[in-house]
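Chain naming here is simple, since letters A, B, ... match the order of the sequence lines and numbering starts at 1 in each. Any value given below was found using the heavy atoms of this structure, including those in side chains, with hydrogens, waters and symmetry copies removed.
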Protein chains: 2
Amino acid sequence: MKLSLKVEYACQVLAQLGHTFGKAELPHIDELAQAESIPANYLVQILNELRNSGLIVSRRGKMGGYALAREPRAISMLDIVRAVDGDVLELSGEGTGASGARTHAIWRGIAKGLSENLRRHTVDDLMQAAAHEMYYI
Amino acid sequence: MKLSLKVEYACQVLAQLGHTFGKAELPHIDELAQAESIPANYLVQILNELRNSGLIVSRRGKMGGYALAREPRAISMLDIVRAVDGDVLELSGEGTGASGARTHAIWRGIAKGLSENLRRHTVDDLMQAAAHEMYYI
DNA sequence: CTCCACCTTTAAGGAAAGTTTCATGCTTCC
DNA sequence: GGAAGCATGAAACTTTCCTTAAAGGTGGAG
């Protein structure tokens, strides 16, 4: 049950955009890619998905770049997951078999709990310095 | 963010084994596969992983079959996920980049919360009749 | 008004994982 | 010893993930 690299990248780049939120000059793809050690060509696709989901905005041409669409605390990790990875803990099976329906029902409940937990974390949290990490290990 | 079919299958077959727990005659692979609409050849691998993790036991030869290793309420969904799908929300990346460490720390916290939630559900819950499903939708 | 820097869109390909199926050997009961 | 069933490993297929690439559109600067 692995977390996709794509979601990790998305969290990192949004944290990075959080730091430049409100500034006049917008960061470019290459700057973001280098700061977060993400392949630039892959980052392009992720940023597009984030833009299509309304989490970020972009400006074309010279002086172009990316920025958060709203303040960091107003973008949750649930928004991020749904933007790049689809529904949280989406079911693969059809719910067939004697225990299929019951199994689906329970997993939907678990997915709901996880979603609510993800909603409580925002880009603001991702921007905190690494010094507080001990609390999470 | 999809849940693997393998985990769903594992939950279903364990629910099925829960119903025959304590009985003298053990169900065969083919019976389990048919009851839960799971490809029998695939189910073999899943049952092996569940056995290697100590969740179920098996008997060879004629009159052979499978059974839970302990009572249904003593097998949690966290046990199931770890047996067939590895760690809960395992991280793919290296935690590199400016926000890599912080992102990892937050996701570890979320994974911990999900694990604790999974621990609260057991095979016993998976065995309940489908009539109670409405509460979970 | 032209060029350059930057974003936009799409696609192709390989690597990895997930799912299914098959083949062979080993145990136990009759 | 033979048949019924589990144990084990591997092959083949499908899907997803990750990476890289290329062609096109946009806006500011000179």
Quiz prompt | Note, L26(A) side chain near T20(A) side chain (heavy atom, < 4.5 Å) | solution = no
Quiz item: Do C11(A) and M77(A) pass the side chain to side chain contact (heavy atoms under 4.5 Å, CB included) test, and can you show the C-alpha distance, the side-chain angles, and the key distance before you say yes or no?
Solution: CA-CA 8 Å; C11(A) 290; M77(A) 288 183 66; 4.1 Å; yes
Quiz item: Is the backbone N or O of V81(B) less than 3.5 Å from a side-chain atom of D85(B), with the two atoms forming a donor-acceptor pair by type?
Solution: no
Quiz item: Is the backbone of T96(B) close enough, under 3.5 Å, to the side chain of Q12(A) for a donor and an acceptor to pair up by distance?
Solution: yes
Practice problem: Measure from CE on M1(B) to P on dT16(D) and round the result to the nearest Å. | Solution: 17 Å
Quiz prompt | Euclidean distance, atom CD of residue E90(B) to atom P of dA17(C) [Å, nearest integer] | solution = 10 Å
Practice problem: Identify the residue among E90(A), M1(A), H104(A) that makes a side-chain contact (heavy atoms from CB on, under 4.5 Å) with L3(B). | Solution: M1(A)
Quiz item: Taking R59(A) for the side chain and M63(A) for the main chain, is one N or O donor matched with an acceptor at less than 3.5 Å?
Solution: yes
Quiz prompt | Phosphate OP1/OP2 of dA17(C): any S4(B) side-chain N/O under 4.0 Å | solution = no
Quiz item: Do R70(B) and D79(B) sit within salt-bridge range, that is, some charged N less than 4.0 Å from a carboxylate O?
Solution: yes
Quiz prompt | Between P of dC18(D) and CG of L91(B), the distance in whole Å | solution = 13 Å
Self-check item: side-chain contact (heavy atoms from CB on, under 4.5 Å) partner of Y9(A), the single match among I46(A), L47(A), L43(A)
Solution: I46(A)
Quiz item: Taking DNA chain C as the partner, which of residues 59-67 of chain B come within under 4.0 angstrom of it by heavy atom?
Solution: R60(B), G61(B), K62(B)
Quiz prompt | Verdict with reasoning, N117(B) to L114(A), per side chain to side chain contact (heavy atoms under 4.5 Å, CB included) | solution = CA-CA 9 Å; N117(B) 199 3; L114(A) 175 58; over 6 Å; no
Quiz item: Do T122(A) side-chain atoms and D124(A) backbone N/O form a donor-acceptor pair below 3.5 Å?
Solution: yes
Self-check item: Members of residues 36-51 of chain B that approach DNA chain D, where some heavy atom sits under 4.0 Å away
Solution: V44(B), Q45(B), N48(B), R51(B)
Practice problem: Between K2(B) and N52(B), name the one whose nearest nucleotide on DNA chain D is closer to the 5' end. | Solution: N52(B)
Practice problem: Could you identify which residues of residues 9-35 of chain B place a heavy atom less than 4.0 Å from some atom of DNA chain C, listed by residue number, or say none? | Solution: Y9(B)
Quiz item: Of the options E8(B), E36(B), H19(B), which is the one that meets S99(A) in a side-chain hydrogen bond (donor to acceptor under 3.5 Å, both in side chains)?
Solution: E36(B)
